[in-house]
J.: 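Sharing a structure below in structure tokens format, with a few things to ask.
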Amino acid sequence: MKILILNEAKQASESGSEERRCAVSPSSVMRLSRKNVEILVETGAGVSSHYSDSELKEAGASIIDDVNEALSEIDALICVNRPPAEMITKLKPGTLVVGHIDPFFQQPLVTQLSESGMTTVSVEMIPRSSRAQKMDALSSQASLAGYVMVMQAATYLPSILPMMMTPSGTIKPAKVFIIGAGVAGLQAIATAKRLGANVLAYDTRPVVAEQVESLGGKFLKIDIGETGQTKDGYAKELTDEQKQKLQDAQRDAITSSDIVITTAQLFGRKPPVLINKSTLEMMKPGSVVVDMAAQSGGNVEGSVPGETVDVKGVKVIGTGNWSQQVARAATDMYANNIFNLLDEFLDDESGTFNLDLEDDILAGCVITHDGNIINDMLKSAYEGA
């Protein structure tokens with residue numbers, strides 16, 4: 001099996017930011033090489049995550065300058081993000097394409113992948129099951145995002161997070177309120193708590209209260225009627241009445257906090273607005289709000305995708321690309337996810353990828369194959385668009 005890794009820092013980004021992650025690390029290259037996999041890496045692919053071409057070459061990769069010469073020969077194109085449309089036309093039918101495809105919002109690209117005969121794995125669609133946990137790139141990157149958001153908020157806060165007792169007086173610990181206790185939220189809770197803050201958290205799924213408390217946070221209990229989670233562990237969408245009741249109930253917690261971090265994202269849908277401008281304007285000057293979902297629609301009214309803005313003395317951070325702020329760790333984790341995905345389905349003797357569409361993992365994450373869009377959830381979303 002021959003796979004190609006792109007230097008995605010060279011690709012134009014819709015957000016205008018440069019991709020700093022890479023789909024392989026020296027460690028994953030070494031392990032893949034032992035399984036009869038030939039790895040071609042575009043020059044400079046690992047530089048932004050602080051892995052040089054020489055390190056990747058020493059681990060077993062071949063470094064190439066012009067990827068266009070290799071596109072028609074490879075068996076798999078492994079990306080962090082979406083593959084460039086102009087490259088898809090140069091791949092041979094049946095090529096395995098892997099990356100963060102963002103399929104619910106990229107219908108033209110998914111259609112192109114399908115019509116070109118690609119077998120496409122969207123890593124966001126990997127099931128959240130025990131067996132697939134080691135391949136779950138969405139969770140690994142979200143965990144890093146939770147850490148980064150706390151660190152960014154702490155940088156902007158004109159105070160400190162822990163209690164500090166000195167001869168000149170005592171500084172009280174910062175109050176941090178985290179909305180959403182998924183992977184990113186839980187990591188944010190743990191990070192803020194380690195830094196000494198008082199942490200309060202809320203999630204529409206009462207089942208996560210125990211996890212919040214196990215990390216040292218307090219869980220805010222709000223009765224908004226029946227809620228729950230999907231079979232994949234995501235929060236179910238609330239009714240308009242529930243959203244309003246939730247906003248009203250959270251207002252006191254938001255306005256009394258020094259830092260608020262929102263992490264509410266709905267799989268395949270735009271995120272809900274959790275903090276409106278009137279609530280934002282009630283916060284203390286110097287407070288910080290981090291909107292994890294700013295680039296996909298936003299949890300905070302007034303956040304700007306890719307920017308940090310000031311709303312009447314409150315810093316609202318919507319910079320996004322959270323895991324890229326710790327690019328080496330993000331690369332290591334994503335590269336491990338990719339290795340585990342390939343390793344699960346590689347034939348050790350031939351080095352070929354065993355595409356078993358009856359397997360529950362592949363049945364969930366393979367979205368195009370043999371000229372068709374084959375994911376039922378995706379087809380339903382497109383038909384209803």
Side-chain angles (χ1 to χ4, degrees), residues 1-6 23 37 71-72 74-141 230-234 236-237 265-270 296 334 337-347 350-385:
M1 186 178 185
K2 183 183 289 188
I3 68 174
L4 173 62
I5 307 298
L6 299 176
V37 176
L71 289 173
S72 62
I74 60 172
D75 302 300
L77 177 63
I78 311 294
C79 308
V80 177
N81 296 295
R82 298 183 289 278
E86 64 273 15
M87 287 189 182
I88 295 171
T89 60
K90 299 175 183 177
L91 298 171
K92 64 187 178 186
T95 300
L96 178 67
V97 176
V98 181
H100 287 88
I101 308 299
D102 193 19
F104 290 96
F105 301 102
Q106 298 295 328
Q107 186 174 353
L109 178 65
V110 173
T111 300
Q112 182 190 10
L113 288 162
S114 172
E115 292 176 349
S116 300
M118 302 298 112
T119 295
T120 310
V121 170
S122 180
V123 296
E124 301 100 321
M125 306 287 281
I126 290 174
R128 285 188 162 177
S129 62
S130 297
R131 179 168 159 250
Q133 199 169 24
K134 60 186 178 181
M135 314 165 198
D136 187 356
L138 205 60
S139 291
S140 69
Q141 301 301 298
T230 67
K231 62 181 178 60
D232 295 314
Y234 298 98
K236 288 183 177 179
E237 188 170 13
Q265 299 190 84
L266 299 173
F267 189 61
R269 300 190 299 276
K270 285 191 175 182
S296 58
Y334 186 69
N337 293 145
I338 292 299
F339 170 78
N340 289 325
L341 174 67
L342 295 176
D343 183 49
E344 185 75 19
F345 300 103
L346 274 176
D347 183 288
S350 64
T352 57
F353 190 83
N354 177 26
L355 187 68
D356 179 9
L357 293 176
E358 297 298 316
D359 182 274
D360 62 319
I361 294 175
L362 294 182
C365 65
V366 176
I367 60 173
T368 74
H369 176 63
D370 200 21
N372 296 297
I373 297 173
I374 63 170
N375 183 276
D376 290 337
M377 191 189 307
L378 205 54
K379 286 192 289 186
S380 296
Y382 289 167
E383 288 168 4

J.: How far apart are the C-alpha atoms of Asn354 and Asp347, what are their side-chain angles, what is the distance that settles it, and do they pass the side chain to side chain contact (heavy atoms under 4.5 Å, CB included) test?
T.: CA-CA 7 Å; Asn354 177 26; Asp347 183 288; 5.7 Å; no
J.: If only atom types and distance count, is the side chain of Thr368 paired as donor or acceptor with the main-chain N or O of Met118 below 3.5 Å?
T.: yes
J.: Drop me the distance from Glu86's CD to Leu71's CG, to the nearest 0.5 angstrom.
T.: 9.5 Å
J.: Taking side chain as C-beta onward, heavy atoms only, is Met1 less than 4.5 Å from Leu96?
T.: yes
J.: Is there a side chain to side chain contact (heavy atoms under 4.5 Å, CB included) between Thr120 and Val110 once you walk through the steps?
T.: CA-CA 8 Å; Thr120 310; Val110 173; over 6 Å; no
J.: Taking the side chain from Gln112 and the backbone from Ala85, do they hold a donor-acceptor pair closer than 3.5 Å?
T.: yes
J.: Which value, rounded to the nearest 0.5 Å, describes the distance between Asp75 atom CG and Phe353 atom CZ?
T.: 11.5 Å
J.: Under 4.0 Å between a side-chain nitrogen and a carboxylate oxygen: does that hold for Lys134 and Asp343?
T.: no
J.: Quick one: closest heavy-atom pair of Ala137 and Ser140, and the distance?
T.: O-OG, 3.0 Å
J.: Hey, does Leu6 have a side-chain heavy atom less than 4.5 Å from the side chain of Pro84?
T.: yes
J.: How close do Gln265 and Ser296 get, heavy atom to heavy atom, and via which atoms?
T.: OE1-OG, 3.6 Å
J.: Write down the atom of Pro83, the atom of Ile88, and the distance for their closest heavy-atom approach.
T.: CG-CD1, 4.1 Å
J.: Would you say Lys270 has more than 12 foreign heavy atoms packed within less than 6.0 Å of its NZ?
T.: no
J.: Can you name the nearest heavy-atom pair linking Cys79 to Ala23, along with the distance?
T.: C-CB, 4.2 Å
J.: Can any side-chain N or O of Asn375 pair as donor or acceptor with the backbone N or O of Met377 at less than 3.5 Å?
T.: yes
J.: Measure the spacing between CG of Leu342 and CG of Asn337 and express it to the nearest 0.5 Å.
T.: 11.0 Å
J.: Can you confirm whether Pro127 sits close enough to Ile361 that some side-chain heavy atom of one is under 4.5 Å from a side-chain heavy atom of the other?
T.: yes
J.: Using every non-hydrogen atom in the two residues, find where Lys92 and Ser72 come nearest and quote the distance to one decimal.
T.: CD-O, 3.7 Å
J.: Could you tell me whether a side-chain N or O of Asn81 sits under 3.5 Å from a main-chain N or O of His100, the two making a donor and an acceptor?
T.: no
J.: Once you round to the nearest 0.5 Å, how far does CG of Asp102 lie from CZ of Arg82?
T.: 5.5 Å
J.: Measure from the side-chain N and O atoms of Ser114 to the backbone N and O of Gly371, and report whether any donor-acceptor pair falls under 3.5 Å.
T.: yes
J.: Would you say Glu124's side chain and Leu138's backbone share a donor-acceptor pair under 3.5 angstrom?
T.: no
J.: Hey, does the side chain of His369 reach the backbone of Thr119 with a donor-acceptor pair shorter than 3.5 angstrom?
T.: no
J.: To the nearest 0.5 Å, tell me how far Thr95 OG1 sits from Leu77 CG.
T.: 8.0 Å
J.: Is any side-chain heavy atom of Leu355 closer than 4.5 Å to one of Val366?
T.: yes
J.: Please determine whether side chain to side chain contact (heavy atoms under 4.5 Å, CB included) holds for the pair Val121 and Met135, giving the CA-CA distance in whole Å, both sets of side-chain angles, and the decisive distance to 0.1 Å.
T.: CA-CA 12 Å; Val121 170; Met135 314 165 198; over 6 Å; no
J.: Can you measure from CG (Asp376) to CD1 (Ile367) and round to the nearest 0.5 angstrom?
T.: 13.0 Å
